[in-house]
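Structure record follows, encoded as structure tokens.
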Number of protein chains: 2
Amino acid sequence: MHVPDQPSCRAVNDVLSRIGDKWSVRVVMSLARGSKRFNELRREIDSISQRMLTRTLRALERDGLVDRTVTPTVPPRVDYALTSLGASLTGPVAMLGEWAMDNIGAIETARSQFDAAEADAC
Amino acid sequence: MHVPDQPSCRAVNDVLSRIGDKWSVRVVMSLARGSKRFNELRREIDSISQRMLTRTLRALERDGLVDRTVTPTVPPRVDYALTSLGASLTGPVAMLGEWAMDNIGAIETARSQFDAAEADAC
DNA sequence: CGGTATCCAAAAAGATACTG
DNA sequence: CAGTATCTTTTTGGATACCG
């Protein structure tokens, strides 16, 4: 694998600005396990507010990653599912997830050491 | 590849909170092409402020992704390089970069269509 | 049920000035 | 050169109330 150049850097940044927020990855990964209704997502993604779930879903929908289907019954039913584009994103994100799982320990150790060294200096 | 579970979701989120900010990926990718001095990075990462570069580098250093070497000459020389942990991150991030490059067009098309549909509704 | 609208607090980021 | 300190602006997220 070669090292990314400038334009791909901008693209990565664009993508990360989208999925790097507080909730998008949680939503995408939840939908990767199957399509869900609004309140199903809300229950599954612990502690997300209704407003943020709405906003996150709209943003993902706008970028063509999530598909929103309204069934105009009473009460209304709204289903969310990944598009094929959204599904294709789960691969790279899962890669990052594996890296995160493998290295979260090392990161936390580094943090402790850094903070300890900083505390010593004071 | 299996679909990530809940704990890995938290780890991904942790990592994304770190590298999903406005500048970290730019810095990591720049350093992936070789170690750099502070102002080299600043010139290469267009439009980053001195303050944000400092903060980003400190955060990356704290998490053990970047190594900071001070040579106490006059004027002082400070070199930044990826640690092996930081270097191992470039793999997954490059994956995401490839996905981003491949799909940024589709995303922008989706955005235009979404925005056009929204404008129609108003 | 699945939202919108409004308001508010906190965090992130930029501009600017100064320093060893 | 490589920062720190301070201030201001912008962005983000949460709480609450209301609606079709």
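Order of the sequence lines fixes the chain letters, A, B, ..., with proteins taken first and strands second; residue numbering starts at 1 for each chain.
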Would you say B/Leu60 and B/Leu85 are hydrophobically clustered, going by side-chain heavy atoms of ILVMFWY under 4.5 Å?
yes

Would you say a side-chain N or O of B/Tyr80 is under 4.0 Å from OP1 or OP2 of D/dC1?
no

Do the non-hydrogen side-chain atoms of A/Thr69 and A/Asp67 ever get within less than 4.5 Å of each other?
yes

Between D/dG13 (P) and A/Trp23 (CH2): distance, integer Å:
9 Å

Under a 4.0 Å N-O cut-off, is there an ion pair linking A/Arg18 with A/Asp63?
yes

Minimum heavy-atom separation for A/Pro92 and B/Leu96, please, with both atom names.
CB-CD1, 3.5 Å

Quick one: B/Phe38 CZ to D/dG3 C1', roughly how many Å, whole number?
6 Å

So that I can tick it off, tell me whether B/Arg26 and B/Glu44 are bridged by a salt bridge, with the cut-off set at under 4.0 angstrom between side-chain N and carboxylate O.
no

Distance check needed: D/dA15 P versus A/Leu53 CG, whole Å only.
14 Å

Hey, is B/Arg62 close enough to A/Glu118 for a salt bridge, meaning N to O under 4.0 Å?
no

Just the rounded figure in Å: distance from P of D/dT11 to NZ of B/Lys22.
8 Å

Do B/Ser112 and B/Asp115 meet the criterion of a side-chain donor-acceptor pair at a distance under 3.5 Å?
no

Sorted by position of nearest nucleotide on DNA chain D, 5' first, the leading residue of B/Gln50 and A/Ser47 is B/Gln50

Could you check how far CE of A/Met52 sits from C1' of D/dT16, rounded to whole Å?
16 Å

Whole-Å distance between D/dA2 P and B/Ile45 CD1?
14 Å

Distance in angstrom units between B/Ile48 CD1 and D/dA2 P, rounded
14 Å

Taking DNA chain C as the partner, which of residues 56-77 of chain B come within under 4.0 angstrom of it by heavy atom?
B/Pro76

Counting any heavy atom closer than 4.0 Å, what does A/Arg37 reach on the DNA or RNA strands: base, sugar-phosphate only, or nothing?
sugar-phosphate

Chain B on DNA chain C: first and last contacting nucleotide, 5' to 3', under 4.0 Å to a heavy atom?
C/dA13 to C/dG20

Decide side chain to side chain contact (heavy atoms under 4.5 Å, CB included) for B/Val93 and B/Met29; before the verdict, give the C-alpha distance in whole Å, the side-chain angles of both, and the deciding distance to 0.1 Å.
CA-CA 9 Å; B/Val93 170; B/Met29 286 311 174; 2.8 Å; yes

Under the side-chain contact (heavy atoms from CB on, under 4.5 Å) test against B/Thr90, which residue among B/Leu82, B/Leu65, B/Leu31 passes?
B/Leu82

Given atom CZ of A/Arg51 and atom P of D/dT11, what is their separation to the nearest angstrom?
14 Å

